[in-house]
Amino acid sequence: MAAMASALLFSSSPSYSRSRRQSIRRGFTLKAGLGTDARREEVVIVGGGIAGLATALSLHRLGVRSLVLEQGESLRTGGTSLTLFKNGWRVLDAIGVGDELRSQFVPIQGMVMRSEDGRELRSFMFEEEAPGQEVRAVERKLLLETLASRLPSGAISFSSRVRKIEKQGMDETLLELDNGNKVLAKIVIGCDGVRSPIAKWMGFAEPNYVGHCAFRGLALYPEGQPFKQKVNYIYGRGLRAGYVPVSTTKVYWFICFNRPTPGQKITDPALLKKEAIMLVSNWPRELLDVIHKTPDDVVIKTPLVDRWLWPGLGPPASTDNVVVVGDAWHPMTPNLGQGACCALEDAIVLSRKLAGAIKNGPESIDKALRDYSLERWTRIFPLTIRANLVGVLLQWDNLAVCAFRNNVMIPKLVRLGPFLEHTNFECELLEPVASV
């Protein structure tokens, strides 16, 4: 089962309308030199990635205004694609963007697993093995733009990197930005990613490198990509790869490989692509074709990291009305395809709890944040460990272990339905109300 899930996890578009482009540009930049007084906000979200924008949109639909501080000059729409399972789609439906995104990405109907020599090990159809499952590879760029387009004007402040954070009295937190501006917030939500300054301020340790790195890319087929709507996984020794259609013209791919240290950062995209091709130069032709059709500037290489939230050995998810969401709290390896899905779950769970508590005062807010921390921890901690162990199993380079995986485990032991039980997550629609 580990073999199947890992591929999906690593997991074209029509032009945006003029109104959407205008909507996305309605962010602004807090300007320096406007005086020494700090701007006061009820809720400030640090980070304009998936977790931050989903949290802002969830709160907006529940009638709670928030300000998103994004360090980039615009939405950071780099990166390639991510795989969303049905739990992620349930959240997107709840916040009102599910159908819009579905229309742009092809549904994945099944998966095929092969060995590095091209031999088919196993094939699945989701409808037969896991009825009700929904899987699509989604471009990160389009996901962010869709979320941002639904926020009110002025909800995002660009070029707003947080330089310093400190408590201010009993009920507020002071955020000082690189440009010298200051924001006083009653509630701070850290959605600032794997290397989160908010999480560091709260006392969280740096994420742990797990011994694997990954190449990722997005291939372009202007005349139409030729692949069936299936995830394709290929397994070698200490090396695995996969590719999956994203849309009618784009295909996402990944290569995961063992490395004792992350190594030096390579900034030349052409060298990254060359290194990726060298790793799988003797693998099936279809995989190499996908990589060759990838523009150099969309090939990325990242070390895989996670953070295990052992009970009692680390700080809670919230303290003094500062709370962390998504990768800022629980970075996990992509072996279950749950990083983005869990960030979306965090966003809607936290927003529901906060929206009901804000009007009742500080004690209610504190309780809501503690309830969020406990509820989400019981789900996130096991998934983080499970994702890590799946990666360890799939990255074995021992000849006997790999032979067992390819000849016994995948063909005879893997069952798709039970393995995907963690994607069961239900949430009600967030009916829009007037913001306060």
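Positions are given from 1 along the sequence. These numbers were taken from a predicted model, which means no experiment stands behind them.
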Report yes or no: does [X] contribute a side-chain atom to a donor-acceptor pair with the main-chain N or O of [Y] at less than 3.5 Å?
X	Y	value
D366	E363	no
R379	H422	yes
R370	S318	no
D397	Q395	no
T384	M332	no
E139	K141	no
E70	G47	no
T333	A387	yes
R240	I234	no
D192	I198	yes

**Q.** Lys NZ or Arg CZ of R386 over F419 ring: under 6.0 Å, within 45°
**A.** yes
Q.
Enumerate the ring-ring contact (aromatic ring centres under 6.0 Å, His included) contacts for residues 332-378, please, sequence neighbours excluded, ordered by first and then second residue.
A. W329-Y372, W377-F381
Q) Do E42 and R65 pass the side chain to side chain contact (heavy atoms under 4.5 Å, CB included) test, and can you show the C-alpha distance, the side-chain angles, and the key distance before you say yes or no? A) CA-CA 8 Å; E42 182 93 41; R65 182 183 181 279; over 6 Å; no
**Q.** ring pair (Phe, Tyr, Trp, His ring centres under 6.0 Å) between F254 and Y243, worked out
**A.** CA-CA 7 Å; F254 77 89; Y243 58 95; 9.7 Å; no
If you measure only the distance, is there a donor-acceptor pair under 3.5 Å linking the side chains of [X] and [Y]?
X	Y	value
D346	H330	yes
N87	W89	no
T80	R140	no
K86	T423	no

If you look at every heavy atom in [X] and [Y], which pair is closest and at what distance?
X	Y	value
C342	L383	SG-CD1, 3.7 Å
A368	L354	CB-N, 4.4 Å
A38	V183	CB-N, 4.3 Å
P207	R307	CD-NH2, 3.7 Å
I300	L272	CA-CD1, 4.4 Å
A130	L420	CB-CD1, 4.2 Å

Q: Using the salt bridge (charged side-chain N to carboxylate O under 4.0 Å, His left out) rule, take R102 and D93 through it: C-alpha gap first, then chi angles, then the decisive distance, then the call.
A: CA-CA 10 Å; R102 282 188 183 92; D93 284 336; 2.7 Å; yes
Q) Do NZ/NE/NH1/NH2 and the carboxylate oxygens of E134 and R90 come within less than 4.0 Å? A) yes
Q) Charged N to carboxylate O under 4.0 angstrom, E129 versus R415? A) no
Going by heavy atoms in the side chains, are [X] and [Y] under 4.5 Å from each other?
X	Y	value
W308	N208	no
V43	V64	yes
I187	I365	yes
V401	R405	no
I189	V44	no
F105	L142	yes
S373	V323	no
N321	D171	no

Enter the distance from [X]:[atom1] to [Y]:[atom2] here, rounded to the nearest 0.5 Å.
X	Y	atom1	atom2	answer
T173	L184	OG1	CG	8.5 Å
L84	Q338	CG	CD	9.0 Å
R352	L59	CZ	CG	11.5 Å
L287	I291	CG	CD1	4.0 Å
I95	S58	CD1	OG	4.5 Å
M113	M409	CE	CE	8.5 Å

Q: Take L69 and I45 through the side chain to side chain contact (heavy atoms under 4.5 Å, CB included) test and state the conclusion after the steps.
A: CA-CA 6 Å; L69 300 179; I45 297 171; over 6 Å; no
Q.
Show, in sequence, the C-alpha distance, side-chain angles and deciding distance for R163 and L177, and conclude whether the side chain to side chain contact (heavy atoms under 4.5 Å, CB included) test is met.
A. CA-CA 5 Å; R163 177 173 64 195; L177 309 184; over 6 Å; no
Q: Check side chain to side chain contact (heavy atoms under 4.5 Å, CB included) between A276 and all other residues, then give those that pass, not counting sequence neighbours.
A: F215, W253, I255
Q. Going through the checks in order, is the salt bridge (charged side-chain N to carboxylate O under 4.0 Å, His left out) test met by E431 and R61?
A. CA-CA 6 Å; E431 297 297 340; R61 290 180 68 90; 5.3 Å; no
Q.
Taking NZ in K167 as the centre, count heavy atoms belonging to other residues, nucleotides or ligands within less than 6.0 Å. Is the count above 12?
A. yes
Q: Evaluate whether atom CH2 of W396 has more than 12 neighbouring non-hydrogen atoms of other residues, nucleotides or ligands under 6.0 angstrom away.
A: no
Q) So K273 and E275, salt bridge (charged side-chain N to carboxylate O under 4.0 Å, His left out) or not? Walk me through it. A) CA-CA 5 Å; K273 184 175 176 179; E275 184 179 340; over 6 Å; no
Q.
Set out, in order, the CA-CA distance, both residues' side-chain angles and the distance that settles salt bridge (charged side-chain N to carboxylate O under 4.0 Å, His left out) for K353 and E375, then state yes or no.
A. CA-CA 11 Å; K353 292 182 182 298; E375 179 178 329; 3.1 Å; yes
(Q) Walk me through whether T249 and L220 qualify under side chain to side chain contact (heavy atoms under 4.5 Å, CB included). (A) CA-CA 6 Å; T249 59; L220 304 182; over 6 Å; no
Q.
Just to verify, which of K186, R40, K182 counts as forming a salt bridge (charged side-chain N to carboxylate O under 4.0 Å, His left out) with E172?
A. R40
